[in-house]
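Predicted model only: the values in this text are computed from it and were never measured. Residue numbers start at 1 and run along the sequence shown. Order of appearance sets the numbers: ligands from 1, and atoms from 1 within every ligand. Just so it is clear, the values below take in all heavy atoms, side chains as well, and ignore hydrogens, waters and symmetry mates.
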Amino acid sequence: MTNLGGRTALITGASSGIGREFARQLHSLGCNLVVTARRMERLIELKQELERFRPDSVECVAADLTKRSSNGDNLLGLEELVSRLEKIPIDIFINNAGVGSFGPFEKIPSEYENNIILLNIYATTMLAQFVINKMKASRQGMYLCVSSIAGFQPLPFMATYSASKAFNLFQTLALRYELRGYNISVTALCPGPTETEFFGVAQLAAQPPDLRRAEVQDVVNESIRAMLKNKAVVAPGWKGKLMVLVVRFLPLSITTTFSGRFLGKCLPKSG
Ligand SMILES: NC(=O)c1ccc[n+]([C@@H]2O[C@H](COP(=O)([O-])OP(=O)(O)OC[C@H]3O[C@@H](n4cnc5c(N)ncnc54)[C@H](OP(=O)(O)O)[C@@H]3O)[C@@H](O)[C@H]2O)c1
């Protein structure tokens, strides 16, 4: 793959899963990294692991992206993170941090639905605006936003999550048009179920379906290739591509009913 030596990549949600794997693979391609998440100890572990290969190449910033400013808990808020990044040139931005929920809409604590909106929608938008301004000024960059296969259609019992991922997908595709001619690649990553901490962390008012999950290394490898080729959308793996094909060509009423029946089977009987 292309050598990205000397480029700086900003990765949100780098303490686990897809974000951490982007950090590993982009670092192995030569990137310097700015990694952020709430769990600083995880970021430091990652820094130690990667800097064995290249010293002084990883900067860690502990931040809670659902907060505007710090609560005095050693975590920066969104505004402070943006000020911290002001003087750092960012060549690649992986807008990845996100959370989900599963269950009947009214049974999921509203605080959690709120977090999905604050993190998946508000924070991703604020950070994208900030970074794209920088990239436009330097007339170069690569922007990859992590949406989901769930972004292509409404998912009953994942209503807020799938709506947030549709937001990520549509916003990214619209930005792609706006940024043509600026030498900035813009890609929406739409993974299917992937083996990460996502399902353990998600607020679950019901057990999610036990689907076979893709390996995070394969998902990220295919995504980086797509980003380097400036592909609009990447749905990693043959299953991902098949799912996207199906949901693109069937009416939403049919795919929503099908998903609702499938996911509804996972609800507790009393639910
Ligand atoms: N896994 C899947 O099946 C799947 C499928 C499609 C799309 N996706 C998308 O992929 C992205 C990454 O998810 P993942 O699967 O890698 O899950 P994950 O392992 O749970 O990683 C989520 C990351 O987001 C960070 N994060 C969560 N809340 C945060 C907050 N308030 N402030 C700052 N960072 C926060 C977490 O770090 P801290 O907890 O340390 O803050 C963690 O690094 C998400 O956008 C998700 O929607 C996942």
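- With distances taken over non-hydrogen atoms, the option nearest atom 6 (C) of ligand 1 out of Ala23, Ala235, Pro191 is Pro191.
- From the protein, the heavy atom lying nearest to atom 13 (O) of ligand 1 is Phe198 CD1, 4.2 Å.
- Atom numbering of ligand 1 starts at 1 in the shown order; those under 4.0 Å from a heavy atom of Pro193 are 3 (O).
- The N/O atoms of Asn120, backbone and side chain alike, include none that comes under 3.5 Å of an N/O atom in ligand 1.
- With contacts defined as side-chain heavy-atom distances shorter than 4.5 Å, the pair Lys134/Phe93 does not qualify.
- Protein heavy atom at the shortest distance from atom 3 (O) of ligand 1 is Thr194 N, 2.8 Å.
- Within ligand 1, counting atoms from 1 as listed, the ones closer than 4.0 Å to a heavy atom of Gly192 are 3 (O), 5 (C).
- Neither the backbone nor the side chain of Thr12 has any atom closer than 4.0 Å to an atom of ligand 1 (non-hydrogen atoms only).
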Q | Glu113/Thr160 under side-chain hydrogen bond (donor to acceptor under 3.5 Å, both in side chains): CA gap, chis, key distance, verdict | A | CA-CA 7 Å; Glu113 297 296 81; Thr160 308; 2.5 Å; yes
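- Contacts between Ala150 and ligand 1 below 4.0 angstrom, taking non-hydrogen atoms only, are absent altogether.
- The existence of a salt bridge linking Lys87 and Glu59 is excluded, since no basic side-chain nitrogen approaches an acidic carboxylate oxygen closer than 4.0 Å.
- Considering backbone and side-chain N/O of Gly13, one or more are found under 3.5 Å from N/O of ligand 1.
- One N or O on the side chain of Asp91 and one on the backbone of Thr8 form a donor-acceptor pair closer than 3.5 Å.
- Polar contact with ligand 1: present for Ile18 (N/O pair, distance under 3.5 Å).
- On a distance-only criterion, Arg39 and ligand 1 share at least one N/O pair closer than 3.5 Å.
- Residue contacts with ligand 1 for Lys165 involve side-chain atoms from C-beta outward but no N, CA, C or O (heavy atoms, distance under 4.0 Å).
- Distances shorter than 4.0 angstrom do not occur between any heavy atom of Ala123 and any atom of ligand 1.
- The aromatic rings of Phe157 and Phe102 stand perpendicular to each other, their planes meeting at an angle above 60°, with 30° marking the opposite boundary.
- From the protein, the heavy atom lying nearest to atom 47 (O) of ligand 1 is Tyr161 OH, 2.6 Å.
- Here Lys241 pairs with Glu222 in a salt bridge; the nearest charged N to carboxylate O distance falls below 4.0 Å.
- At a threshold of 4.5 Å between non-hydrogen side-chain atoms, the residues Phe152 and Thr255 do not count as touching.
- Nearest to atom 22 (C) of ligand 1 by heavy atom, out of Ala97, Gly98, Gly19, is Gly98.
- Counting only heavy atoms of the protein, atom 35 (C) of ligand 1 lies nearest to Arg38 NE, 4.0 Å.
- Considering both main-chain and side-chain atoms, Ile149 never comes within under 3.5 Å of ligand 1 through any nitrogen or oxygen pair.
- The shortest distance between side-chain heavy atoms of Cys190 and Leu169 falls below 4.5 Å.
- Heavy-atom proximity to Gly17, at under 4.0 Å, picks out these atoms of ligand 1: 16 (O), 19 (O).
- The single protein non-hydrogen atom nearest to atom 33 (C) of ligand 1 is Ala63 O, 3.4 Å, given as residue, atom name and distance.
- Listed by atom number, the atoms of ligand 1 under 4.0 Å from Asp64 heavy atoms are 30 (C), 31 (N), 32 (N).
- Remark: Leu46 CG to Ser16 OG distance equals 10.5 Å, nearest 0.5 Å.
- Looking at Ala14 against ligand 1, only its backbone comes within 4.0 Å, counting heavy atoms.
- At distances below 3.5 Å, not a single donor-acceptor pair connects side-chain atoms of Ser185 with backbone N or O atoms of Asn183.
- No donor-acceptor distance shorter than 3.5 angstrom exists from the side chain of Asn71 to the backbone of Asp73, with no hydrogens or angles considered.
- At a heavy-atom distance under 4.0 Å, only backbone atoms of Ser147 (N, CA, C or O) approach ligand 1.
- Not a single donor-acceptor pair under 3.5 Å links the side chain of Lys47 to the backbone N or O of Val35.
- Taking atom 9 (C) of ligand 1 as the reference point, the nearest protein heavy-atom neighbour is Val146 CG1, 3.6 Å.
- The distance from ligand 1 to the heavy atoms of Phe199 drops below 4.0 Å at these ligand atoms: 3 (O).
- With contacts defined as side-chain heavy-atom distances shorter than 4.5 Å, the pair Leu75/Met40 does not qualify.
- No hydrogens or angles considered: nothing links the side chains of Lys136 and Asn133 as a donor-acceptor pair under 3.5 Å.
- Of the protein's heavy atoms, Asn96 O, 3.3 Å lies nearest to atom 44 (C) of ligand 1.
- The nearest heavy-atom contact from the protein to atom 18 (P) of ligand 1 is Ser16 OG, 3.4 Å.
- Side-chain contact between Pro193 and Arg212 is absent, with no heavy atoms from C-beta onward closer than 4.5 Å.
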